[in-house]
Every structure is written in structure tokens, then in C-alpha cells.
> 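The structure is given below, and queries will be raised subsequently.
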Amino acid sequence: MKKLPASFYQRENILQIAKELLGKVLVTNWNGKVTSGRIVELEAYNGIIDRASHAFGGRRTNRTEIMYAHGGVAYVYLCYGIHHLFNVVTHSKDVPHAILIRAIEPIEGIAEMLVRTRKKKADYTLTKGPGNVAKALGIVTAHSGYSLRSKELFIADDGFVVSAKQLMSTARIGVDYAGDDALLPYRFYLKDNLYVSGKLK
DNA sequence: GAGTAGATCCTCT
DNA sequence: GAGGATCTACTCA
């Protein structure tokens with residue numbers, strides 16, 4: 001397990017980063033409770049030219065300020081008053097690129113995830129969907145701005161290789177308000193993975 | 001199995 | 001004062 005270097009996040013091509021982030025392992029370690037999971041679904045938000053992004057048009061507010069930081073930190077925000085959504089900030093300073101982690105496949109600390117999500121048994125709903133990912137990993141808005149190379153929160157490479165056959169891309173979910181930009185194929189996921197959100201087939 | 005309402009609160013206008 | 005990068009549970013069939 002190797003933590004991804006800062007240089008991984010600070011590249012310019014967010015789609016390239018998004019593809020490479022698939023299959024990596026997201027780990028949290030709050031108060032000694034380790035939970036981790038493999039990233040199986042995510043969406044890219046392509047900065048100021050992306051209508052679906054909070055930073056569209058260069059909007060800069062207290063909330064989105066984190067997106068303008070250098071790559072390699074977390075951007076967490078509250079949606080619908082209930083769900084914490086975890087994003088990875090990429091690119092260099094002042095370019096608000098971010099990648100939303102939509103689903104992971106649990107690896108470590110499943111018992112702890114069950115407690116956090118108040119579920120009775122572990123199934124594919126445990127970490128399916130962005131709201132559940134943050135909940136299972138214990139990520140809340142207070143962690144926004146947190147480094148992804150810290151002791152408590154990081155993304156690592158455990159040698160898992162995503163084959164070209166598994167790599168799927170589609171339009172993003174839940175961004176109908178974004179007009180034509182909602183159609184961009186910026187959502188990436190691993191084919192046939194149970195934890196991928198959206199319609200079950 | 002499909003469709004929809006309700007939860008619930010921070011952020012920006 | 002409105003609405004959102006969502007999820008769950010409940011209804012109805």
C-alpha cells in the first residue's frame with residue numbers, strides 16, 4: 001500500500017486522474033478506527049467551464065474555496081441537509097477541479113461502517129452512492145480541506161489493476177440542471193461491480 | 001417492482 | 001428564502 005504522491009493530484013488532466021483513481025484504496029483512520037475501500041465509481045467536475053460544478057464560471061465562495069486549493073486535499077460538503085459528499089481536489093492552486101467519489105467496495109473496518117451507517121448487515125448498499133461512502137468512512141464537512149496524504153485520511157495504491165474492459169464511462173448522475181454539460185461522459189466506474197450506484201441491472 | 005415523498009440544513013441570492 | 005453532485009421507506013399494484 002503506497003500513498004499516492006502529491007504530484008498524482010496536481011496534474012492538469014482531470015479525466016486522466018479520474019481514470020487512474022479508479023481501483024485505488026481510500027482509507028480513513030479516525031481515532032484509531034481504520035476503514036477503507038476500493039474506489040469503484042467516481043465523477044469528474046471540470047472546473048469553471050463545467051456547469052455542473054460548484055465552481056462554474058469561477059464562482060468562489062466560502063464553501064467552494066477549498067476547490068481552488070492545490071490538488072491533494074478533500075472537499076466535503078453537505079447535500080440535501082443530510083448527505084456528506086466527499087471529493088478529491090485536483091490540479092494546481094486556483095484551478096477548481098474536483099472528483100466526487102460515488103462508490104467504494106469495502107475492504108477494512110466493515111463492522112465500524114455498519115455502526116456508522118446503522119445497518120444490520122453488510123451488503124452492497126453499505127458504500128453505494130456518495131452519501132453512503134462518506135457516512136461509512138466517517139467523513140463529514142469538518143474534514144473539508146483535509147490533506148489526502150495525512151495519517152487519518154489518504155488514498156493509496158495497493159497494486160490493483162483496472163483492465164480496459166472494466167473501465168466504463170457515462171454521463172454523470174443527478175446533474176440535470178447543468179444543461180448540455182450534464183451529458184458529458186465524466187462518470188467512470190468498474191463494470192459489473194455491485195457497489196456502483198444507479199440502476200441495478 | 002416502480003414511483004414518489006420526506007428528511008433536514010447549509011449555502012448563496 | 002429557496003434549493004441542492006442524495007437516500008430511504010413507503011405506497012400502490
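Quick note on labels: first sequence line is chain A, next is B, and so on, each numbered from 1.
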> Does A/H54 have more than 12 heavy atoms from other residues, nucleotides or ligands lying within 6.0 Å of its NE2?
yes
> Using the P atom as the point on both nucleotides, what is the distance between C/dG3 and B/dA5, in whole Å?
16 Å
> Which nucleotide, if any, forms a Watson-Crick or G-U wobble pair with C/dA5, using both distances under 3.5 Å?
none
> Tell me, yes or no, whether the heavy-atom count around A/Q16 atom CD, taken from other residues, nucleotides or ligands under 6.0 Å, exceeds 12.
yes
> Using atom C1' in both nucleotides, what's the gap between B/dT8 and C/dG1 to the nearest angstrom?
15 Å
> Tell me, for nucleotides 4-10 of chain C in 5' to 3' order, what letter each nucleotide earns: B for a base near a protein heavy atom under 4.0 Å, S for only sugar-phosphate near one, - for neither?
BBBSS--
> Are A/D157 and A/V25 packed together at the side-chain level, in the sense that at least one heavy-atom pair is separated by less than 4.5 angstrom?
no
> For the residue pair A/Y146 and A/W30, does the interplanar ring angle fall in the parallel (under 30°), tilted (30 to 60°) or perpendicular (over 60°) class?
perpendicular
> Regarding A/E105 and A/N193, do their side chains bring together a donor and an acceptor under 3.5 Å, going by distance alone?
yes
